[in-house]
Participant: 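Dropping the structure in here first, questions after.
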Protein chains: 2
Amino acid sequence: MPEADCAFCQIVQGSLPAKIVAQTSEAVAFEDLKPQAPTHLLIIPRRHVRSLADAQTKDAPLLGDLLAFAGRLASEVGLTENGYRVVMNCGSGAGQSVWHLHLHLLGGRRFQWPPG
Amino acid sequence: MPEADCAFCQIVQGSLPAKIVAQTSEAVAFEDLKPQAPTHLLIIPRRHVRSLADAQTKDAPLLGDLLAFAGRLASEVGLTENGYRVVMNCGSGAGQSVWHLHLHLLGGRRFQWPPG
C-alpha cells in the first residue's frame, strides 16, 4: 500500500512531479532534486518499503531488481565507460531523509574515497 | 568458475586469508583491509561476476541476495540504530579496484554527503 505522506509513493502514483527517466513494472528512476554528480538518479521500488533495515527476506528479489535496473540504466545513460557509484543510505545517521527505500546512482565525474 | 588471479575468488575458496564475518550459500562477508569506518565489510558473491556493468538479467536474484544479506548483517552487527551506508563502485573511475563485484557496508560513524 502506498503511504499517503510519502513523497516517493506520490511520485510513483504521479501526484508529485518528478523528472522520471525510466520505469519498470517494479521500479521508477528519476532525477535527484539536489544532484551530487552530473548524473544523479534515484531508483525506487513502486511498493513502499521504508528502508533496507525494514526489508524482509521476501524483498530480496525486489532489491535485486533495483540493483540490476541501476546497472542497465547506467549503461543506457552512458555511465559505464567512466564508472559510476551506487549508494543506499539506511537510517538518518547515514543520510537517509526520505523513508521509502532508494538507490542513488551517481556518475559523470571522479569519486573520492571514503564514500562520505 | 573462479578466476585464478582474482583475490576475492581466492578468499571464497579459502586460499587467501580474510577476516570472514558471515557466509551464506551465495555470498561471503569479510572485513575490508583498509576500513573507512568503525565497521567496514565487503560482501561478495561466491560466483565470479566482474562488476555491476557485467551482471546480466539472470544475476538479479544474486544481487538481491547480496543486498538483503547486507541488511541482515547490518542488523546483526548492531548498525541499524545509528544507520549505515551501502556502496557499490562500478569501474575504476568510481574506485573499483578488485574486479569481482562487491558491496561495501559501512557503519559506526556519521556520513557526509556527497558520498565521495
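What you see is a predicted model, and the numbers here were worked out from it, not measured in a lab. Here is how names work: the chains are called A, B, and so on, in the same order as the sequence lines, proteins then strands, and each is numbered from 1.
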Participant: Please say yes or no: joined through hydrophobic side-chain contacts below 4.5 Å, possibly via intermediate residues, are A/L62 and A/L67 part of one cluster?
Facilitator: yes
Participant: With a 4.5 Å cut-off on heavy-atom pairs, point out which of A/D54, A/T57, A/L63 contacts chain B the most.
Facilitator: A/L63
Participant: Side-chain contact, heavy-atom cut-off 4.5 Å: A/H104 with B/P114?
Facilitator: no
Participant: Is atom CD of B/Q23 surrounded by more than 12 heavy atoms (other residues, nucleotides or ligands) closer than 6.0 Å?
Facilitator: yes
Participant: To check you understand the geometry: which heavy-atom pair defines the closest contact between B/D65 and A/A60, and what is its length?
Facilitator: OD1-CB, 4.2 Å
Participant: Tell me whether A/V21 shares a hydrophobic cluster with A/F30, the cluster being built from Ile, Leu, Val, Met, Phe, Trp, Tyr side chains joined at under 4.5 Å.
Facilitator: no
Participant: Anything in residues 71-84 of chain A with a heavy-atom distance to chain B below 4.5 Å? Please list those residues in order.
Facilitator: A/G71, A/T80, A/N82, A/G83, A/Y84
Participant: If you count the non-hydrogen atoms of other residues, nucleotides and ligands that lie under 6.0 Å from NZ in B/K34, is the total more than 12?
Facilitator: no
Participant: Among B/G64, B/S51, B/P61, which has the most heavy-atom pairs under 4.5 Å with chain A?
Facilitator: B/G64
Participant: Side chain of B/R85, backbone of A/N89: donor and acceptor closer than 3.5 Å?
Facilitator: no
Participant: With clusters defined by side-chain heavy atoms of hydrophobic residues (ILVMFWY) lying less than 4.5 Å apart, directly or transitively, does B/W99 cluster with B/L101?
Facilitator: no
Participant: Please check if B/W113 and B/L106 belong to a single hydrophobic cluster, counting links between Ile, Leu, Val, Met, Phe, Trp and Tyr side chain heavy atoms closer than 4.5 Å.
Facilitator: yes
Participant: Do A/Q96 and B/F111 come within less than 4.5 Å of each other through their side chains, counting heavy atoms only?
Facilitator: no
Participant: Relative to chain B, which segment of A/A53 carries a heavy atom at a distance below 4.5 Å: side chain, backbone, both, or neither?
Facilitator: both
Participant: Picking from B/G91, B/S92, B/A68, B/C90, which has the most non-hydrogen pairs under 4.5 angstrom with chain A?
Facilitator: B/C90
Participant: Could you state the interatomic distance from CG (A/L103) to CE (B/M88), rounded to the nearest 0.5 Å?
Facilitator: 9.5 Å
Participant: Should B/F69 and B/L105 be counted in the same cluster of Ile, Leu, Val, Met, Phe, Trp and Tyr side chains packed under 4.5 Å apart?
Facilitator: yes
Participant: So if I take each residue of residues 3-20 of chain A and look for any heavy atom under 4.5 Å from a heavy atom in chain B, which residues do I end up with?
Facilitator: none
Participant: Would you call A/V86 and B/V87 a side-chain contact if the rule is heavy atoms closer than 4.5 Å?
Facilitator: no
